[in-house]
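Worth saying up front: this structure is predicted, and the values here are computed from it rather than measured. Naming convention: chains lettered A, B, ... in sequence-line order (proteins, then strands); numbering from 1 in each chain.
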Amino acid sequence: MKQELIDIIKSSLPKVLLDTDIVIDIEKPKVKEFGDYSTNIALKLSKVLKDNPLNIATSIIENIKSDKIIKMEIKSPGFINFFLKKDYLIDNINNVIKLDSSYGSSNIGKNKNYNIEFVSANPTGILHLGNARGGAYGDSLSRILTFSGYNVTKEYYVNDAGNQINNLGLSIKARYLEICKKDFEMPENGYFGKEIIDIATKLHNEFKDTLIDTPLDYFKNLGITSLLSKIIEDLKEYRIEFDKFTSEKDISEKYNLTSIINELSKNGYTYKLDGATWFKCSALFDDVDHVLIKDDGTLTYLVPDIAYHKDKYLRGYDKMIDILGTDHHGYVARLKSSIKALGNDESKLEVKLLQLVRLVENGEIVKMSKRTGKSVTLSELINEVGINAARYYFSKYSLDTQMDFDLTLAKSTTSDNPVYYVSYAYARICSILKDFEEVTNIDKYETLNKESAYNVLEKVYEFPEVVENAARKELPHLITQYVYELATEFHMFYSKNRILTDNETETKENINLIKAVKITIYNALNLIGVIPPVKM
RNA sequence: GUCCUCGUAGCUCAGCUGGAUAGAGCAACGCCCUUCUAAGGCGUGGGUCAAGUGUUCAAAUCACUUCGGGGACACCA
């Protein structure tokens with residue numbers, strides 16, 4: 001309808017103007033009295049035409065003829081408001097029922113290949129609150145983009161090499177020795193989480209004291225495998241499944257890392273200083289240079305990361321999105337510099353920084369740290385607030401808000417959580433529809449001509465547009481916000497009207513209407529990883 | 001100190017490629033179950049959109065400055 005209106009307006013404008021870069025915007029006015037849709041085109045044109053916007057609006061209106069428009073109004077300073085016949089809303093009911101689970105989907109992505117890398121937590125502990133937020137965002141975004149015709153690869157980068165893994169191995173071995181009642185020493189940057197002790201305990205149950213002299217590599221590999229599988233398991237329960245896991249170790253083997261550095265050198269982006277090899281990223285996007293090869297000959301973490309992104313570029317995505325915590329923001333400039341230095345288009349990579357979640361308990365901020373093992377883990381979160389509530393909660397906020405996660409509140413007020421409000425609308429519909437599973441085809445609706453019906457239908461009608469918007473702007477919270485509004489309209493309709501009445505025509509029409517609402521709520525919630533209950 | 005980011009109702013947050021009277025939820029107060037789920041609906045109160053200046057017909061939205069919260073500034077990853 002929006003596009004139709006744009007076309008109608010376009011055809012009413014003088015031809016000269018169509019060549020200018022003026023875009024016709026149609027928007028939904030916030031207030032009902034301003035009609036179903038409105039445009040500010042006359043205001044925009046007033047500058048070009050050097051005329052009063054009200055005059056321009058008048059001449060535009062005079063040229064518009066459409067049987068879909070009931071009336072048009074000009075409001076100061078120059079808005080044109082359109083009041084439409086409501087047929088398009090009612091006709092949409094059949095459309096929704098027909099499309100069912102694909103209602104809202106589109107092909108605006110034109111099968112473009114997107115890669116979204118998220119979570120990517122090091123396998124040195126289990127997932128915590130911050131991962132829950134990044135995970136919810138990345139997964140919801142993937143769902144929205146896929147629904148909109150993009151070809152999305154969800155990727156998890158596994159940092160299974162380097163110092164941290166060394167510390168992981170040492171930590172597990174230390175715990176194991178502890179259980180064997182031998183002398184043990186936790187490494188300085190060791191991992192003190194309970195999961196490390198669990199791994200050691202399991203090991204001891206199986207092998208008793210026989211592994212005391214086993215080399216460190218054994219403990220490292222064991223740690224990576226068991227923690228990674230625990231992570232994957234948690235994510236799956238949280239309704240996130242990745243398409244691809246890329247291992248740092250594999251990347252380092254696949255690409256000769258020194259050859260990556262040589263490539264940078266060849267392009268003139270390295271130099272030696274104090275025995276180290278530096279990356280001249282200040283020549284590109286960074287403020288300062290960074291070390292690639294330390295003076296002891298070992299590589300910094302940056303090198304495998306450069307190789308990893310080179311790998312992604314070679315795979316030929318149209319766009320790559322990395323979702324990182326804000327604590328990595330300094331890293332972005334380095335990374336983009338490296339991409340450019342290797343001759344790739346760095347604008348294909350978009351880094352989204354999510355503000356870390358602050359955990360508040362009993363009014364005090366709890367510092368999250370994997371090492372101390374005091375963070376709230378993803379599985380604890382799921383157990384305490386539920387998957388639906390957790391997914392909904394994180395999808396409600398835009399990425400750049402610094403959110404406080406009040407654990408005491410989240411635990412105690414689950415029934416106040418908006419996810420229940422939306423779920424309740426869904427469950428109500430399901431309960432009414434229990435005995436009306438079969439679809440009744442209705443060509444002409446006769447009884448739905450009331451305000452409350454139009455209001456719900458208007459929301460239902462908006463859905464594809466909302467999805468498109470969320471996909472284009474990469475903002476999942478638009479969906480969350482929308483589905484809440486849809487639930488509100490339904491609850492209002494429900495309280496004002498009886499669905500099942502003595503009038504057979506009316507009943508059938510009402511049933512089709514709430515079926516359309518049901519489908520829309522389900523599809524919307526599905527995009528943010530929430531599965532509504534049939535009964536509450 | 002340099003850079004990034006945020007500041008909107010008592011609280012948690014929407015709204016930000018400029019549009020008409022700044023919106024939700026929670027919290028507060030009042031009303032509505034003999035009727036398909038009251039985990040619901042209706043109503044009331046609540047705001048110098050951190051402050052200032054500028055751009056514009058029009059600024060919460062854009063630019064600059066200031067003040068506040070958070071973060072980043074390693075031969076750690």
Side-chain angles (χ1 to χ4, degrees), chain A residues 23 25 27 29-31 33-34 38-40 43-44 46-47 52-53 75-79 81 122 124 159 161-167 189 248 273-278 286-288 290-302 304-305 325-333 353-356 358 393 396-406 409 413-425 427-436 472-473 475 477-478 480-482 484-485 487-488 490-501 507 510-511 514 533 535-536:
Chain A
V23 182
D25 281 325
E27 57 180 40
K30 277 175 250 172
V31 192
E33 65 183 272
F34 294 142
S38 77
T39 181
N40 60 359
L43 287 158
K44 282 188 170 179
S46 75
K47 202 172 271 174
N52 183 320
K75 281 277 157 84
S76 174
F79 293 100
N81 299 331
N122 294 346
T124 52
N159 290 102
N163 263 335
Q164 43 180 355
I165 296 299
N166 213 39
N167 282 328
N189 289 313
E248 181 182 347
L273 182 73
D274 299 336
T277 302
W278 294 71
D286 212 335
D287 302 328
V288 286
H290 290 272
V291 170
L292 297 168
I293 309 175
K294 296 181 237 172
D295 58 6
D296 64 2
T298 58
L299 304 174
T300 62
Y301 75 99
L302 197 53
D305 278 4
T326 42
D327 52 339
H328 287 84
H329 110 262
Y331 165 89
V332 179
L353 298 173
L354 73 138
Q355 295 282 336
L356 298 180
R358 279 198 314 183
Y393 191 94
K396 217 164 96 76
Y397 305 114
S398 77
L399 268 195
D400 41 19
T401 59
Q402 301 164 201
M403 57 182 266
D404 286 350
F405 194 103
D406 190 326
L409 193 76
T413 64
T414 47
S415 61
D416 292 332
N417 195 309
V419 73
Y420 290 90
Y421 180 85
V422 180
S423 303
Y424 187 51
R428 266 182 159 174
I429 294 173
C430 289
S431 142
I432 300 168
L433 289 178
K434 245 184 349 230
D435 304 321
F436 298 90
R472 288 230 156 91
K473 294 184 176 169
L475 297 176
H477 76 263
L478 296 181
T480 318
Q481 212 181 314
Y482 165 81
Y484 190 89
E485 289 166 9
T488 303
F490 170 74
H491 283 309
M492 275 164 73
F493 179 78
Y494 178 91
S495 66
K496 281 184 194 148
N497 304 278
R498 257 201 84 82
I499 312 291
L500 309 175
T501 65
T507 301
N510 282 340
I511 285 188
I514 65 170
K535 213 169 126 183
M536 283 174 80

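- Phosphate contact (OP1/OP2 of B:A77, side-chain N/O of A:K294, threshold under 4.0 Å): present.
- Side-chain proximity of A:A427 to B:C13, B:U37, B:C75: nearest is B:U37.
- Residues A:T480 and A:Y397 have side chains that never bring a donor and an acceptor to within less than 3.5 angstrom of each other.
- The same atom, C1', is picked in B:C16 and in B:A60; the two are 8 Å apart, to the nearest Å.
- Checking B:G1 for Watson-Crick or G-U wobble geometry (two distances, each under 3.5 Å) identifies B:C73 as its partner.
- Between A:S431 and A:K535 there is no side-chain heavy-atom pair separated by less than 4.5 Å.
- B:A28 and B:U5 are spaced 38 Å apart, taking the P atom of each and rounding to whole Å.
- OP1 or OP2 of B:U37 sits under 4.0 Å from a side-chain N or O of A:S431.
- When rounded to the nearest whole Å, the span between CG of A:N497 and P of B:G41 equals 14 Å.
- At the heavy-atom level, A:D435 lies nowhere under 4.0 Å from the strands shown.
- A:F436 contributes atom CZ, which lies 7.0 Å from atom OG1 of A:T507 (distance to the nearest 0.5 angstrom).
- For A:Y421, counting side-chain heavy atoms from C-beta on, the closest listed nucleotide (B:G15, B:G41, B:A39) is B:G41.
- Residue A:N166 is out of contact with every strand shown, counting any heavy-atom pair closer than 4.0 Å.
- You'll find that the side chain of A:T326 is closest to B:G71, out of B:G71, B:U17, B:A14.
- A donor-acceptor pair under 3.5 Å is formed between the side chain of A:H491 and the backbone N or O of A:Y421.
- Side-chain contact check for A:L43 versus A:F79: some heavy-atom pair is nearer than 4.5 Å.
- With hydrogens and angles ignored, no donor-acceptor pair closer than 3.5 Å exists between the side chain of A:N189 and the base of B:A77.
- One C1' atom belongs to B:U12, the other to B:C73, and the distance between them is 32 Å to the nearest Å.
- Proximity of A:S38 to the phosphate of B:A20: no side-chain N or O atom is located under 4.0 Å from OP1 or OP2.
- At B:A39, none of the side-chain N or O atoms of A:R428 fall inside 4.0 Å of OP1 or OP2 (strictly under the cut-off).
- A donor and an acceptor atom never sit less than 3.5 Å apart when one is taken from the side chain of A:S495 and the other from the base of B:A38.
- Between A:K30 and B:A20 there is a side-chain N or O to OP1 or OP2 distance below 4.0 Å.
- Figure legend. B:G43 is base-paired to B:C29; pairs are counted as Watson-Crick or G-U wobble with both atom distances under 3.5 Å.
- Spacing between B:U17 and B:A59 at atom P, rounded to whole Å, works out to 16 Å.
- Residue A:H329 is classed as a base contact, given a heavy-atom separation below 4.0 Å to a base.
- Looking at heavy-atom distances under 4.0 Å, A:T298 makes no contact with the nucleic acid at all.
- The CG atom of A:N166 sits 11.5 Å away from atom CG of A:N189, with the distance rounded to the nearest 0.5 Å.
- In this structure, A:M492 reaches the sugar-phosphate backbone alone: every heavy-atom distance under 4.0 Å involves primed, P, OP1 or OP2 atoms, never a base.
- Summarising the base pairing, B:A58 is matched to no nucleotide, lacking a Watson-Crick or G-U wobble pair whose two defining distances lie under 3.5 Å.
- Separating the NZ atom of A:K473 from the P atom of B:A14 is a distance of 14 Å, rounded to the nearest angstrom.
- Across the C1' atoms, B:A50 and B:U8 are found 10 Å apart, a figure rounded to whole Å.
- Looking at heavy-atom distances under 4.0 Å, A:H290 makes no contact with the nucleic acid at all.
- The partner of B:A50, taking Watson-Crick or G-U wobble pairs whose two distances both stay under 3.5 Å, is B:U66.
- Side-chain atoms of A:Y424 stay outside donor-acceptor range of the base of B:A39, with no qualifying N/O pair under 3.5 Å.
- Nearest to the side-chain atoms of A:I499 among the listed nucleotides B:C75, B:C36, B:G15 stands B:C36.
- Rounded to an integer number of Å, the gap from NZ of A:K535 to C1' of B:U37 is 11 Å.
- Residue contacts shown for A:D25 are absent, as no nucleic acid heavy atom lies under 4.0 Å away.
- Residue A:K434 is out of contact with every strand shown, counting any heavy-atom pair closer than 4.0 Å.
- Note on A:Y484: only backbone sugar-phosphate atoms sit closer than 4.0 angstrom, heavy atoms only; bases stay farther off.
- Under a 3.5 Å cut-off, the side chain of A:D274 and the backbone N or O of A:A276 do not form any donor-acceptor pair.
- Judged by the 6.0 Å and 45° rule, A:R428 forms a cation-pi pair with A:Y494.
- Looking at heavy-atom distances under 4.0 Å, A:N163 makes contact with sugar-phosphate atoms alone, never a base.
- Look at B:C33: its glycosidic torsion is within 90° of 0, and that puts it in the syn range.
- Counting non-hydrogen atoms under 4.0 angstrom, A:E33 reaches a base of the nucleic acid.
- Base engagement by A:N40 is indicated by at least one non-hydrogen atom pair under 4.0 Å involving a base atom.
- Base pairing analysis places B:A9 opposite nothing; no Watson-Crick or G-U wobble pair with both distances below 3.5 Å involves it.
- In this entry the distance linking OH of A:Y494 with C1' of B:G41 reads 11 Å, nearest Å.
- Checking side-chain atoms of A:N159 against main-chain N and O of A:E248 turns up no donor-acceptor pair under 3.5 Å.
- With a cut-off of 3.5 Å on both Watson-Crick or G-U wobble distances, the partner of B:A20 is given as none.
- Contacts of A:L43 with the nucleic acid, taken as non-hydrogen atoms under 4.0 Å apart, include base atoms.
- Listed nucleotides B:A39, B:C75, B:G19 differ in distance to A:Y420; the shortest reach to its side chain belongs to B:A39.
- The C1' atoms of B:A9 and B:C26 are separated by 12 Å, rounded to the nearest whole Å.
- The side chain of A:D327 sits closest to B:G71 out of B:A20, B:G71, B:U21.
- Checking the phosphate oxygens (OP1, OP2) of B:C42, no side-chain nitrogen or oxygen of A:H491 falls inside 4.0 Å.
- Nucleic acid contact for A:Q355: sugar-phosphate only, since backbone atoms but no base atoms lie under 4.0 Å from a heavy atom of the residue.
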